[in-house]
Amino acid sequence: MHQLTELLQRATANVPVQYFQVALDGGDPIYRERVYCYELYHQLRCQWPTNTPFYLNGELDKAAHPILRGLGADYAKPDFLVHQPGYMAENHTIIEVKSSNAQWNGIEKDLKTLSLFRTKVNYKRAIYLLFGYEVAVAAERVRLVAAGLDGLQPIELWLHAKPGESAQQVHIGIDA
């Protein structure tokens, strides 16, 4: 799935402002990860190639998966998976998404999940996608958390700073 990087860049650039931040009656707009992810899924599916064996799945619950239970990964509900369902040998990419106001404990859980899917579930790529106007601050938070985790596998850090612009890969190989 060599075109995933380009697909992700185009799809993030196409996420409209109303899905980047949700307007509130009587309040300031807020980030809602689910709203952003649903729109990103839509944008990715609109351009997904037909000549690939890989599928894009969103928020796939792994609780009943017999192989993942044995690997200690059955707790996970990744935001996105690029894989061949029913065929564990060809796992491609796991993606976790967080808004730029992500909490420290959520970041640690996501990094551990991404790392676990690289080591035990044999995913080729792990992407941590941060979105929001304050992504530079969030990226630093991610780097600090990553530095405190032993055995962290390479994870790509992507930042989506504003609607109408592509997310950019800023770091490959977040590792402690």
Side-chain angles (χ1 to χ4, degrees), residues 1-9 11-12 31-37 40-41 44 54-161 166-176:
M1 182 86 217
H2 63 278
Q3 65 268 58
L4 182 62
T5 295
E6 184 181 312
L7 288 169
L8 192 55
Q9 288 172 331
T12 53
Y31 298 115
R32 287 290 185 244
E33 182 183 317
R34 286 298 101 217
V35 172
Y36 177 89
C37 282
L40 181 57
Y41 178 85
L44 284 165
F54 294 103
Y55 287 80
L56 175 69
N57 285 127
E59 191 119 1
L60 194 57
D61 188 338
K62 297 296 193 175
H65 197 293
I67 295 172
L68 294 183
R69 186 178 316 116
L71 299 174
D74 59 329
Y75 70 89
K77 290 182 182 133
D79 291 314
F80 298 100
L81 290 178
V82 177
H83 65 148
Q84 293 184 43
Y87 189 63
M88 292 287 291
E90 291 295 325
N91 293 319
H92 195 278
T93 304
I94 177 175
I95 303 172
E96 287 288 347
V97 177
K98 277 288 184 267
S99 72
S100 59
N101 60 0
Q103 300 300 309
W104 292 88
N105 59 344
I107 294 169
E108 182 174 341
K109 177 188 155 292
D110 287 345
L111 292 176
K112 286 179 176 179
T113 298
L114 290 165
S115 187
L116 177 68
F117 271 64
R118 289 288 319 269
T119 58
K120 302 263 179 141
V121 192
N122 298 316
Y123 273 77
K124 292 175 180 61
R125 292 177 75 179
I127 296 174
Y128 202 31
L129 172 61
L130 303 175
F131 76 97
Y133 295 108
E134 304 83 20
V135 289
V137 173
E140 186 54 34
R141 218 177 290 144
V142 169
R143 287 186 181 105
L144 288 171
V145 171
L149 296 176
D150 291 330
L152 194 64
Q153 293 299 301
I155 297 167
E156 300 173 33
L157 182 59
W158 285 63
L159 305 181
H160 188 194
S166 295
Q168 298 300 311
Q169 185 177 337
V170 296
H171 194 286
I172 292 183
I174 297 174
D175 56 288

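When reading the values below, keep in mind they use all heavy atoms of this one structure, side chains included, and skip hydrogens, waters and symmetry mates. Numbering of residues begins at 1 and proceeds along the displayed sequence.
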Nearest heavy atoms of [X] and [Y], plus distance in Å:
| X | Y | value |
| --- | --- | --- |
| Gly151 | Ser115 | O-OG, 3.7 Å |
| Leu144 | Trp104 | CD1-CH2, 4.0 Å |
| Val82 | Tyr123 | O-CE2, 3.8 Å |
| Thr12 | His160 | O-CE1, 3.0 Å |
| Gly58 | Tyr41 | N-CE1, 4.0 Å |

Compare all side-chain heavy atoms of [X] with those of [Y] and state whether any distance is below 4.5 angstrom.
| X | Y | answer |
| --- | --- | --- |
| Ser100 | Leu130 | no |
| Phe54 | Gln84 | yes |
| Phe80 | Cys37 | yes |

Quiz item: Quick check: are there more than 12 heavy atoms from other residues, nucleotides or ligands sitting under 6.0 Å from CZ of Arg32?
Solution: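 12 or below, so no.
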Quiz item: What do you reckon, is CD of Gln103 surrounded by more than 12 foreign heavy atoms closer than 6.0 Å?
Solution: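 Open.
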Practice problem: Check step by step if ring pair (Phe, Tyr, Trp, His ring centres under 6.0 Å) holds for Tyr31 and Tyr36. | Solution: CA-CA 8 Å; Tyr31 298 115; Tyr36 177 89; 9.1 Å; no
Return the [atom1] to [atom2] distance between [X] and [Y], rounded to the nearest 0.5 Å.
| X | Y | atom1 | atom2 | result |
| --- | --- | --- | --- | --- |
| Gln168 | Leu8 | CD | CG | 10.0 Å |
| Glu33 | Leu129 | CD | CG | 9.5 Å |
| Gln153 | Leu114 | CD | CG | 11.0 Å |
| Glu156 | Thr5 | CD | OG1 | 6.0 Å |
| Ile155 | Leu149 | CD1 | CG | 8.5 Å |
| Leu44 | Ile95 | CG | CD1 | 7.0 Å |

If we ignore hydrogens and angles and just use 3.5 Å, is the side chain of [X] paired with the main-chain N or O of [Y] as donor and acceptor?
| X | Y | answer |
| --- | --- | --- |
| Arg141 | Ala102 | yes |
| Asn91 | Val121 | yes |
| Asp110 | Glu96 | no |
| Arg118 | Pro154 | yes |
| Thr113 | Lys109 | yes |

Practice problem: Please step through side-chain contact (heavy atoms from CB on, under 4.5 Å) for the pair Ile127 and Gln169, ending with a clear verdict. | Solution: CA-CA 9 Å; Ile127 296 174; Gln169 185 177 337; over 6 Å; no
Quiz item: Are Gln9 and Ser166 close enough, and set up right, to give a side chain to side chain donor-acceptor pair (under 3.5 Å), and what steps lead you there?
Solution: CA-CA 5 Å; Gln9 288 172 331; Ser166 295; 5.9 Å; no
Practice problem: Sort out for me which residue in Leu159, Ile94, Val142 forms a side chain to side chain contact (heavy atoms under 4.5 Å, CB included) with Tyr128. | Solution: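 So, applying the side chain to side chain contact (heavy atoms under 4.5 Å, CB included) to Tyr128 and each of Leu159, Ile94, Val142, only Val142 qualifies.
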